[in-house]
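Heads up, the thing below is written out as structure tokens.
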Number of protein chains: 2
Amino acid sequence: MISKPPGLERRIRAELEAKIRAGDWPPGHRLPTEAVLMADYGCARMTVHKAIQGLVGEGLVVRNKKAGTLVAKPHVVTAVLEIPDIAALITDRGETYAFKLLSRDIADASPDNPDERALGADGRLLILKGLHIADGEPFAFERRILNLAATPEAEAIDFSHTPPGSWLLNHVPWSQARHRITAVPADASTARLLHLPPQAACLQVERWTWRNSQGVTFVRQVFPGDRYDLVAEFSPSAEP
Amino acid sequence: MISKPPGLERRIRAELEAKIRAGDWPPGHRLPTEAVLMADYGCARMTVHKAIQGLVGEGLVVRNKKAGTLVAKPHVVTAVLEIPDIAALITDRGETYAFKLLSRDIADASPDNPDERALGADGRLLILKGLHIADGEPFAFERRILNLAATPEAEAIDFSHTPPGSWLLNHVPWSQARHRITAVPADASTARLLHLPPQAACLQVERWTWRNSQGVTFVRQVFPGDRYDLVAEFSPSAEP
DNA sequence: CCCGCGATAATGTCTAGACATAATGCCTCA
DNA sequence: TGAGGCATTATGTCTAGACATTATCGCGGG
């Protein structure tokens with residue numbers, strides 16, 4: 001009674017969702033039809049329809065004409081991974097952040113380099129290597145390839161202290177990406193850069209980014225296994 | 001003209017999305033108001049409203065009353081990680097799958113074990129250790145804690161060849177989970193089990209699962225770094 | 001010049017219908 | 001007994017409105 005009424009659609013959705021999450025309605029169970037809910041709540045069909053569509057968006061239910069609405073079977077566990085900008089990640093922790101550019105090269109894409117080929121680029125590439133530093137300690141090593149055909153402005157930018165990831169976030173519009181997450185032993189030079197013993201277990205995140213089906217960038221980041229981990233929450237689709 | 005008309009709402013949504021993804025409308029750009037789109041497409045407001053709400057669901061735009069609808073700034077990279085059932089993962093690859101139970105114990109939850117405490121369980125626990133095997137080769141080692149208060153049926157199940165993860169998927173309804181992904185060096189016994197050299201880099205996935213705010217299970221899986229990696233696609237929320 | 005207040009412009013939510021579409025399941029006919 | 005077709009049921013999509021909500025902007029007064 002204190003807070004404002006959250007809207008009927010939200011309420012219907014929340015009540016259905018609660019029944020599913022509590023296990024009252026197990027996977028495969030058929031939920032009431034729109035007509036029934038409409039009568040239960042005394043509202044228009046559009047309202048219950050939108051409520052149930054919300055559950056579809058969350059993947060909690062599947063709908064079939066005539067067959068009705070069924071609680072979905074969770075066959076794969078999906079999790080939403082938020083891969084933050086490293087600079088933001090570190091400053092959010094209250095540590096000081098610095099980026100150190102180790103090398104900068106411009107090269108033509110060569111079809112025999114698998115990283116470059118996957119990017120689908122065929123023109124000039126900007127190749128950057130750098131180190132992310134938190135409170136003076138090395139935090140991650142990254143090697144990045146930028147497709148200059150997709151982001152020609154990048155050639156003029158001074159990346160000696162600006163991390164290219166942060167620059168891209170603010171200058172490249174919406175895009176699509178693919179991530180690959182692996183554990184790798186640190187090779188000799190990476191181990192030295194990250195102040196690790198040779199062969200130390202590291203988390204490697206590779207990301208390919210496209211915009212409008214044109215390759216924009218590829219990056220491989222190596223984190224010391226004991227200094228970083230990824231956390232993914234299951235997504236009960238947050239409400240604003 | 002070959003395929004059926006996909007519905008006006010879908011069409012509006014797709015056209016707006018295309019403009020955003022192509023970069024025609026950069027982050028921060030204000031898109032046409034519902035009234036304008038209504039006139040453009042000659043349809044009711046509800047239709048454009050639902051189309052734009054779809055974009056909100058994808059996180060592509062943000063809406064404010066009076067201020068209008070703005071293209072969102074991609075400040076964190078989010079990706080949808082599908083963490084499959086290991087048995088399904090392996091058989092999908094066309095390899096033979098086997099599970100070998102290494103140990104089974106029942107214990108009372110002890111508050112000084114951090115894994116058990118995080119689960120929030122305070123009754124009896126079933127503790128399983130096992131090995132996932134693909135084509136005869138060890139694929140992953142797992143240690144799992146099941147809260148018997150949440151899933152009492154589990155006590156009667158014979159897990160000697162059934163992987164507990166697969167059993168849970170089919171017997172526990174919808175739940176919430178939290179994942180933590182790290183790189184760790186294999187300890188001596190894990191290395192032996194997985195046929196790895198000691199200290200080899202491994203990917204470790206930890207998952208806490210709750211249902212109805214009651215802890216259900218905690219599992220820690222260790223994969224050889226060179227035999228498994230996680231792939232996460234960015235999610236432009238697929239359309240059926 | 002700044003502050004506050006009110007008009008306004010935008011989205012949020014809901015209604016009560018209409019017609020379309022698709023899968024189920026029954027019923028009929030061979 | 002079996003197969004096909006049709007009626008039924010449920011969701012999918014859309015309309016044309018109504019009223020609610022709220023951030024912004026501009027204007028006027030102190």
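Lettering follows sequence order; numbering is per chain, from 1.
Within residues 40-52 of chain B, the residues that have a heavy atom under 4.0 Å from DNA chain C are, in order of number, B:R45, B:M46, B:H49. Less than 4.0 Å separates DNA chain C from at least one heavy atom of each of the following residues of residues 64-72 of chain A: A:K65, A:K66.
Looking at A:R21 and A:E58, a side-chain N of the basic residue comes within less than 4.0 Å of a carboxylate O on the acidic one, giving a salt bridge. For the pair B:E9 and B:R13, the salt-bridge criterion is not met [side-chain N within less than 4.0 Å of a carboxylate O]. The existence of a salt bridge linking B:E206 and B:R143 is excluded, since no basic side-chain nitrogen approaches an acidic carboxylate oxygen closer than 4.0 Å. Using a cut-off of 4.0 Å between Lys/Arg side-chain N and Asp/Glu carboxylate O, A:K19 and A:E15 are scored as not salt-bridged.
Computed from coordinates, the B:E9 CD to C:dC19 P distance equals 21 Å when rounded to whole Å. Atoms CZ (A:R11) and P (C:dT13) sit 15 Å apart, rounded to a whole Å. Going from atom CZ of A:R10 over to atom P of D:dT21 covers 15 Å, rounded to whole Å. Rounded to a whole Å, the CD atom of A:E34 is 18 Å from the P atom of C:dA20. Computed from coordinates, the A:R13 CZ to C:dC14 P distance equals 13 Å when rounded to whole Å. Put simply, CG on A:L31 is 13 Å from P on D:dA10, counting in whole angstrom units. In this structure, B:M38 atom CE and C:dT11 atom P are separated by 11 Å, rounded to whole Å. A straight line from CZ of A:R63 to P of C:dT21 spans 18 Å, rounded to a whole angstrom.
Using bins of under 30°, 30° to 60° and over 60° for the plane-to-plane angle, the ring pair A:H132/A:Y97 lands in the tilted bin. B:F218 and B:W208 have tilted rings, their planes meeting at an angle from 30° to 60° on a 0 to 90° scale.
A:D24 places no side-chain N or O within 3.5 Å of a backbone atom of A:I20 that could act as its donor or acceptor partner. Counting only distance, with no hydrogens or angles, the side chain of A:T151 and the backbone of A:L148 share no donor-acceptor pair below 3.5 Å.
Between atom CG of residue A:D135 and atom OG1 of residue A:T96 there is a gap of 4.5 Å, rounded to the nearest 0.5 Å.
Of the side-chain N and O atoms in B:Q53, none sit less than 4.0 angstrom from OP1 or OP2 of C:dT13.
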